[in-house]
Amino acid sequence: MTIVIALSALGGLTLILAGMLVIANKKLYVYEDPRIDVVEDMLPHANCGACGYPGCRPFAEALVGEKALPGKCTVSTDSGRQKIAEFLGVALGAEEKRVARLACAGGTNVAINRAHYQGLKSCQAASLVSGGGKGCFWGCLGHGDCEVVCDFDAIVMNEFSLPVVDVDKCTACGDCVEACPKDLFSLQPISHHLWVACKNLEHGDEVLEDCQVGCTACGKCALDAGGDLITMVNNLPVVNYRENHSTKDPIQRCPTGAIVWLDEKLGIIKGKESKKIIRKGERGVGHS
Amino acid sequence: MAWFNFRNNSFKHGIHPPERKRSTNGLAIRQFPFSPVIILPMVQHIGAPSEIMVREGQEVMRGQLLAKAGGYVSVPLHAPVSGTVRKIASVPSISGKMVPGIYLEAFPSASQEVLDGTPIDLTSASSDEILQGIQDAGIVGLGGAAFPTHVKLKVPEGKHCDVLMINGIECEPYLTTDHRVMLEQGEDILMGIKYLLKSTGAAEAIIGIEANKQDAADHLEQLIPEGSNVRVQVVPVKYPQGSEKMLITAILGREVPSGGLPIDVNVVAVNVATTAEIGRLLPHGRGIQERVVTITGPGIEKKGNYRIPIGTPLRFVLEQVGADERISEVYMGGPMMGVAVSNLDISIVKGTSGILVFTKDEVSRPEKVYPCIKCGACVDACPLSLNPSKLGILAKFKAYDLMADEYNLMDCFECGSCSYVCPSHIPLVQQFRSSKAIVRKRIAGKQTMEHAD
């Protein structure tokens, strides 16, 4: 008899609770477009944020809600984006590829350090100890926070402790932009070939003391560019990319090679008159 | 919150590093010579930079106003020496940043004579006039934080101050500036306390002094007239008691809330050297031109306490006191919270309390950092009862938001106790410092985003 009571009590309870679940399932049901799951699976699952959304799922929701176009995803392959566009029946929305560019060329072979930094091997930590010990306050510290933070292995530190961006791998997710304590990275459309690789706000010999490839603010590039293409602001040339910037003229007379031409095939091209850098070793610790 | 007091006038946790004060605490304060060129950054305090009011080539008199305050949380700057403004350009600062500044060339025969201003009369001046006088004198916290003192003294509406805490703890090893100031400028301190009591409206003033400076405590007690509302309180030696929050807990048993200020527990705390400067400058309406700095460490020949003009380049200071050729590290401030200097062309600023010089032999850095073994030594050391071990692990995984939201990262004032005791040599404070910088950057980013919306 006892077993019957026990079974019926538990069985009854099961039925009541199951009934509540059934009702809740019907009453509280939220309709979700099933295409969101499908689109999310088509995306690369990198959750990098390059599209401007917090991750792949919110981007998929935006795609299905037609608030964004598949072209925004810079990580997918062309065919991947095409597939999503066909699936949703929307335009591809081609975006120009952007890449992270470093506004510093002061590797260990050209830039001096004032002091040796010892401690946590991170640019962020080093920058908080008297600026990190590099002669140029604005320059790259070379401890590789950007290399660590890059999810796509697009940044590699070269032999001069300077990060090199692999244009093919870079998805313009912006992690390196956030990681750099000196704010040297920025995302630039790949068609921007004219590039100022220096952020030093000083001018003249004071720059050269610290770094041989720094901008001395001589202003030759601004003069040669003509028009409003380049203006000198705070001792640095600023390129106005709204103007026609497909000319190599401005870089030719740069004495230090601070303004360069980023060629897709040939890499960094410096002007004809810029000083050649042949030193391979470290420039070391200078004027304490 | 009386149970935090344990009846022995101290605070929970903390550490006992070797004091190393013996080599300088018996040496009287000496005047430092003028350097031929004085370099004055406009950012010597927390807040807006000062605004330069002189032109290149202008001749200025010692004590003349060079720059005015750039806002409410800012202070003016006075000429530390009579001379000519050689150049107005960017100058290096202790943070490593280039900041706007003035290169001042001293007259070869510049005298110690100072230009007087409008005196602030103690009996007739109102509370606000005293605060204005303190701002006009360019006074900032001389203990090291360099926060403008008049902002700190301003009691917000709806709050009141009942105790004025004068901080003469000086818990950092090596430093002896406050000790010497208390021994030699007792009258100035008491004068300063009168100004501060009047401006804050506090009923009593307590001078907190650590037991290793008993002579200073005795000296001040002698000077205090009977029946005065000023008293000296000696507390046991412990680091970081010089932090105002720790000092208030130690003496009054009140705990300043997380993210709060001493005024939240009705206290205003002021450093003893700052108090002495207020008492010395306000009766003459002068501005601050020099400060007492302890120069010590194994790499220094003529160790001592010097009254150094603000803006004296570090290189000149080291030449004068005879630095060892084998110097490897120079610190501004104490060994626990001071900053390693990366450039000898920076100058003495208002917040510089000490210069420490070490040679290669003294500074030994652990070769290897071992993993956290969760021994809890840092938890026992943290004066704020944070969990440095957990925070360190989270920092490794870059969980900065979690550190700030759940583990009170932003309360950490970087005293270095956790790194000091860590048997695995984990650079905990350095991790927290960079984590805090990242959190601050994110908060600022969010705010600009909201503004954009």
Side-chain angles (χ1 to χ4, degrees), chain A residues 49 52 54 111-139 141 143 145-146 148-151 174-175 177-183 199-207 209-211 214 217 234-236 285-288, chain B residues 87 89-100 314-315 318 323 325 327-333 338-346 360 363-367 369 392 395-398 400 414 419 425-442 444-445 449:
Chain A
I112 60 143
N113 280 325
R114 279 184 212 278
H116 285 297
Y117 167 76
Q118 294 170 308
L120 209 58
K121 199 180 171 303
S122 131
C123 305
Q124 182 69 43
S127 72
L128 292 169
V129 183
S130 298
K134 188 148 182 152
C136 167
F137 164 69
W138 297 270
L141 295 173
H143 298 298
D145 281 13
C146 45
V148 175
V149 84
C150 183
D151 290 332
D175 280 353
V177 178
E178 199 189 332
C180 181
K182 301 278 184 188
D183 293 330
K199 276 215 167 180
N200 194 314
L201 298 182
E202 290 185 295
H203 63 91
D205 288 348
E206 283 168 26
V207 179
E209 248 175 51
D210 294 332
C211 179
N234 291 330
N235 293 330
L236 278 177
V285 176
H287 61 102
S288 64
Chain B
K87 199 163 68 160
S90 56
V91 302
S93 73
I94 178 71
S95 64
K97 276 195 187 108
M98 300 296 281
V99 297
L314 194 53
R315 196 183 293 277
L318 293 182
E325 275 180 7
I327 59 170
S328 74
E329 289 191 21
V330 179
Y331 288 86
M332 269 200 175
V339 185
V341 168
S342 71
N343 182 355
L344 291 182
D345 291 322
I346 62 168
K360 264 210 172 83
V363 194
S364 66
R365 237 161 249 285
E367 295 272 305
V369 172
K396 213 172 171 179
F397 291 105
K398 303 193 194 307
Y400 305 118
E414 301 163 18
S419 306
H425 310 302
I426 301 171
L428 289 163
V429 165
Q430 224 193 342
Q431 288 177 342
F432 303 158
R433 210 174 271 183
S434 54
S435 307
K436 278 167 79 176
I438 292 168
V439 171
R440 269 191 223 112
K441 203 170 163 183
R442 285 188 182 171
M449 291 266 273

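Atom set for the values below is all heavy atoms of this structure, side chains included, hydrogens, waters and symmetry mates excluded. Chain A is the first sequence line, chain B the second, and so forth, proteins listed ahead of strands; every chain is numbered from 1.
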>> Can you tell me how far apart CZ (A:Phe137) and OG (B:Ser342) are? Round to the nearest 0.5 Å.
In response: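 The OG atom of B:Ser342 is 10.0 Å from CZ of A:Phe137, to the nearest 0.5 Å.
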
> What's the spacing between B:Ser434 OG and A:Leu120 CG if we round to 0.5 Å?
Replying inline: 6.0 Å

>> For B:Gln430 versus A:Ala125, what's the shortest heavy-atom pair and its separation?
In response: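 Distance-wise, the nearest heavy atoms are NE2-CB, 3.7 Å.
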
> Which region of A:Asp145, side chain (C-beta onward) or backbone (N, CA, C, O), has a non-hydrogen atom less than 4.5 Å from a non-hydrogen atom of chain B, or is it both or neither?
Replying inline: neither

> Contact part of A:Glu202 toward chain B, heavy-atom cut-off under 4.5 Å: side chain, backbone, both or neither?
Replying inline: side chain

> With chain A, which of B:Met332, B:Met98, B:Lys398 has the greatest number of heavy-atom pairs at distances under 4.5 Å?
Replying inline: B:Met98

> For B:Ser419, what residues pass the side chain to side chain donor-acceptor pair (under 3.5 Å) criterion, not counting sequence neighbours?
Replying inline: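 Applying side chain to side chain donor-acceptor pair (under 3.5 Å) to B:Ser419 gives none.
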
> Do any pairs count as a salt bridge (Lys or Arg N to Asp or Glu O under 4.0 Å) and have a residue in residues 430-439 of chain B, sequence neighbours left out, and if so which ones?
Replying inline: B:Glu414-B:Arg433, B:Glu414-B:Lys436

> So, the side chain of A:Ser130 versus the backbone of B:Ala340: is there a donor-acceptor pair under 3.5 Å, distance only?
Replying inline: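 Judged by distance alone, yes, a pair lies under 3.5 Å.
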
>> Please identify, among A:His116, A:Glu206, A:Gln124, A:Glu178, the residue contributing the most non-hydrogen atom pairs under 4.5 Å to chain B.
In response: A:Gln124

> For B:Gln431, is it the side chain, the backbone, both or neither that has a heavy atom under 4.5 Å from a heavy atom of chain A?
Replying inline: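 Both the backbone and the side chain of B:Gln431 come within 4.5 Å of chain A.
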
